[in-house]
There are 2 protein chains.
Amino acid sequence: MNQMLRKPGGAEPLYQSVKRFIVDRIRSGDWPVDHRVPSETELTRDFGVSRMTVHRALRELSGEGLLTRVQGVGTFVAAGKAQSSPLEIRNIAEEIRARGHTHTSDVRLLRQEPAKGRAARHLGLPDGAPVFHSLMLHRENGIPVQLEERYVNPAVAPDYLDQDFSRVTPNEYLMQAVSPDQVEHLIEAVAPNAATRRLLKIDAREPCLLLERRTWARGAVVTWARLTHPGSRYRLGETFAHRP
Amino acid sequence: MNQMLRKPGGAEPLYQSVKRFIVDRIRSGDWPVDHRVPSETELTRDFGVSRMTVHRALRELSGEGLLTRVQGVGTFVAAGKAQSSPLEIRNIAEEIRARGHTHTSDVRLLRQEPAKGRAARHLGLPDGAPVFHSLMLHRENGIPVQLEERYVNPAVAPDYLDQDFSRVTPNEYLMQAVSPDQVEHLIEAVAPNAATRRLLKIDAREPCLLLERRTWARGAVVTWARLTHPGSRYRLGETFAHRP
DNA sequence: GAGTGGTCTAGACCACAAT
DNA sequence: TTGTGGTCTAGACCACTCG
C-alpha cells in the first residue's frame, strides 16, 4: 500500500510523501527540466490517495518554484533560473538543494596572506596585516553558478583555515562560528575578467551579477565576500507577501 | 449568501474571498497584532463555505506570515511585520535628489496597446487585452542612469495615460493612486540590446543591471516594470542590522 | 471533555487546452 | 471529446491544548 512510501519514522502527512517523492525524482535527475510530471489522476492511482491530497502536494511544489502547472495541459519540472533573496544572508548550497538540484563546490584557494588594497580597507585592517583568503567555485547540477572570493578577519575567526570547505561552505561555517549582527550588500553588473570567465566557463560577452557582502560582529568586520554569478544562470529575487 | 463577499467582477475563488476579508481586517486595524482570528468552525458558518475552504485560506495566510496558527489553541494575527527591505520601492527621482544631484527625465512612449507575450503573462491578463505601456529615460546631472519600461493594468489605474510624467514619475503616481500591498523584485545582469544602448548612451561591452518589479493590490497585478541601469553608473546597496 | 487546527476522502462541477 | 488542472463540499479521524 501507500504505507511503503511513508518515511520509516512513521508520522508524515501523505501530501508530504508525495512531495518528497517528486523532489527526489528531480534531485536525482530522473526528471529533468520541462519533464512532464504524472497527472493528478495518475498520482492519485499510483499513491492510493485522494486527488485533493495529490493536488495539495503539486500546488505547494508549484508555489515553491519547483513545478510549473498549466491548466488544461499538465505539470512540468520548472526551468527555474537560480533565484534568491539578497535580503538575507543566503547559503548557496542550501538554496540549490531547495530547488531540488545538486550542489558541488571546489576549493580553489585557501591560505593566509598579507592584506592589501581593497581587502585591507574593507576589513578595516592595516595594509600588510595577515588575512585569510579563500576562493570557491559553486556548481548547480555541475554548472558553475557562483565564484566566491572571500577575505576573513583572523581575529574573529581564527580557525577558518582548518575547515573542510568541501563539506561545509565558508558561509555556513562563519554563520555558526560567529553570528554576525550587521550586514552590508552591494549589487552590481560587471564584465568578467579573464580569470573569472575561465572559472565560470562563460564568454566575454556575458555580464555577471556581482554581490558584495560584508558582515560585522561586535563592531569588527568578520568577512568581505565577492560573489560573482553568470548573468544567464543566476538572479536575485524576493517576494514580499504572496502572489496569488 | 456568501455571494455578497465575492468581488463585484464575479470570478474569485471562495478561499480568496476569505483571505481578502481577513487581510482587510488586519490592514484596516480592526484586528491588531495578536488578535484572535475566528476559528475555522466560525468562519465556515459565517461564510457559508466548507471547512476545507476556510482551512486553505488560513493556511496560506499563515504561510505568508500574516497569521500564526497553533494546534489546539487558535489562529492569531502575526506580529513581526517584515524588516525594512533593501529593495523597497525606490523612487529614482528622490534617490537622485537625495544625493544632491539633478534629476531629469523624458517620456519616450506613453500609450495603450494590446498586451502580448511576457507583458500579458506578467500582468495576468489574456493575450491581446489592452494595457498601458510607458518608456521613460531618467538622468542624473544629465547622464542617463535608468531606462524605465513599464506596463500597467488599466483596470487598476485607469487614469495612467492622463498623467504628466514630466512632473511626477510613474512610480510616484502609482504609489499614491493605488497603494500596493505586495511586491516582487528580480535582479539580473544582462547585456543591453541596441535600442537600450542608444538610449543609455553606452557601448555594447557594458553590462546592465536589470531590476524587474511587479506590484499587486488586492490580488491584481498593478504594474510590471523593467528598470535597466548602466553597470558602470549604478548599483544597489544596503546596510542593515541582522536579527540575532 | 470541549474546542482547536491538521489531515484526508470520494465524490463533484468548472475552465481550459489539445485533438 | 478527452484530459488536464482549479475549486469546492460534507463529511471524517486525529493530535493537541486547556480548563
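Below, chain A is the first sequence line, B the second, and so on; all start at residue 1. Hydrogens, waters and symmetry mates play no part in the numbers below; they use all other heavy atoms, side chains included. Since the structure is predicted, the reported quantities are computational estimates derived from the model, not experimental observations.
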### Residues forming a salt bridge (charged side-chain N to carboxylate O under 4.0 Å, His left out) with A/Arg69, sequence neighbours excluded
A/Glu40
### Query
ring-ring contact (aromatic ring centres under 6.0 Å, His included) with B/Tyr15: which residues, sequence neighbours excluded?
none
### For A/His55, ring-ring contact (aromatic ring centres under 6.0 Å, His included) partners two or more places apart
none
### Query
Does the pair A/Trp31 and A/Val37 meet the rule for a side chain to side chain contact (heavy atoms under 4.5 Å, CB included), with working shown?
CA-CA 8 Å; A/Trp31 293 354; A/Val37 173; 4.1 Å; yes
Under 4.0 angstrom between [X] side-chain N/O and [N] OP1 or OP2:
X       : N      : answer
B/Ser39 : C/dG3  : no
B/Ser50 : D/dG11 : no
B/Arg51 : D/dT9  : no
B/Tyr15 : D/dC8  : no

### Task
For this output row, return yes or no: ring centroids of B/Tyr160 and B/Tyr151 closer than 6.0 angstrom.
no
### Task
Applying side-chain hydrogen bond (donor to acceptor under 3.5 Å, both in side chains) between A/Gln146 and each of A/His229, A/Arg139, A/Glu95, A/His103, report the one that passes.
A/His229
### Task
Would you mind checking if B/Arg226 and B/Glu148 are paired as a salt bridge, meaning a charged N to carboxylate O distance below 4.0 Å?
no
#### Entry: SB check A/Arg59 B/Glu60 (cutoff 4.0 Å)
yes
### Query
Picking from D/dT4, C/dT9, C/dT7, which would you name as closest to the side chain of A/Val49?
C/dT9
### Query
Any idea which of C/dT4, D/dC8, C/dC8 is nearest the A/Leu14 side chain?
C/dC8
Roughly, in whole Å, what's the span from [atom1] in [X] to [atom2] in [N]?
X       : N     : atom1 : atom2 : result
A/Glu40 : D/dT2 : CD    : C1'   : 16 Å
B/Arg56 : D/dG5 : CZ    : C1'   : 12 Å
A/Phe76 : D/dG5 : CZ    : P     : 8 Å
A/His55 : D/dC8 : NE2   : P     : 10 Å
A/Phe47 : C/dC8 : CZ    : C1'   : 16 Å
A/Lys19 : C/dC8 : NZ    : P     : 12 Å
B/Leu61 : C/dG5 : CG    : C1'   : 15 Å
B/Leu43 : C/dG6 : CG    : P     : 13 Å

Please write out each protein N/O paired with an N/O of nucleotides 14-19 of chain D under 3.5 Å, distance rounded to 0.1 Å.
from, atom 1, to, atom 2, distance (Å)
D/dA15, N3, B/Gln71, NE2, 3.4

### Query
For residues 116-126 of chain B, which residues have at least one heavy atom under 4.0 Å from DNA chain C?
none
### Message
Please compare A/Met52 and B/Arg69 by the position of their nearest nucleotide in DNA chain C and report the one closer to 5'.
### Response
B/Arg69
### Task
Hey, which sits more toward the 5' end of DNA chain C by its nearest nucleotide, A/Thr53 or B/Thr41?
B/Thr41
### Query
Is there a side chain to side chain contact (heavy atoms under 4.5 Å, CB included) between A/Val54 and A/Leu58 once you walk through the steps?
CA-CA 6 Å; A/Val54 166; A/Leu58 294 176; 3.9 Å; yes
Got a list of side-chain donor-acceptor pairs under 3.5 Å for residues 117-129 of chain B, not counting sequence neighbours?
from, atom 1, to, atom 2, distance (Å)
B/His122, ND1, B/Arg118, O, 2.9
B/Asp127, OD1, B/Gly117, N, 3.3

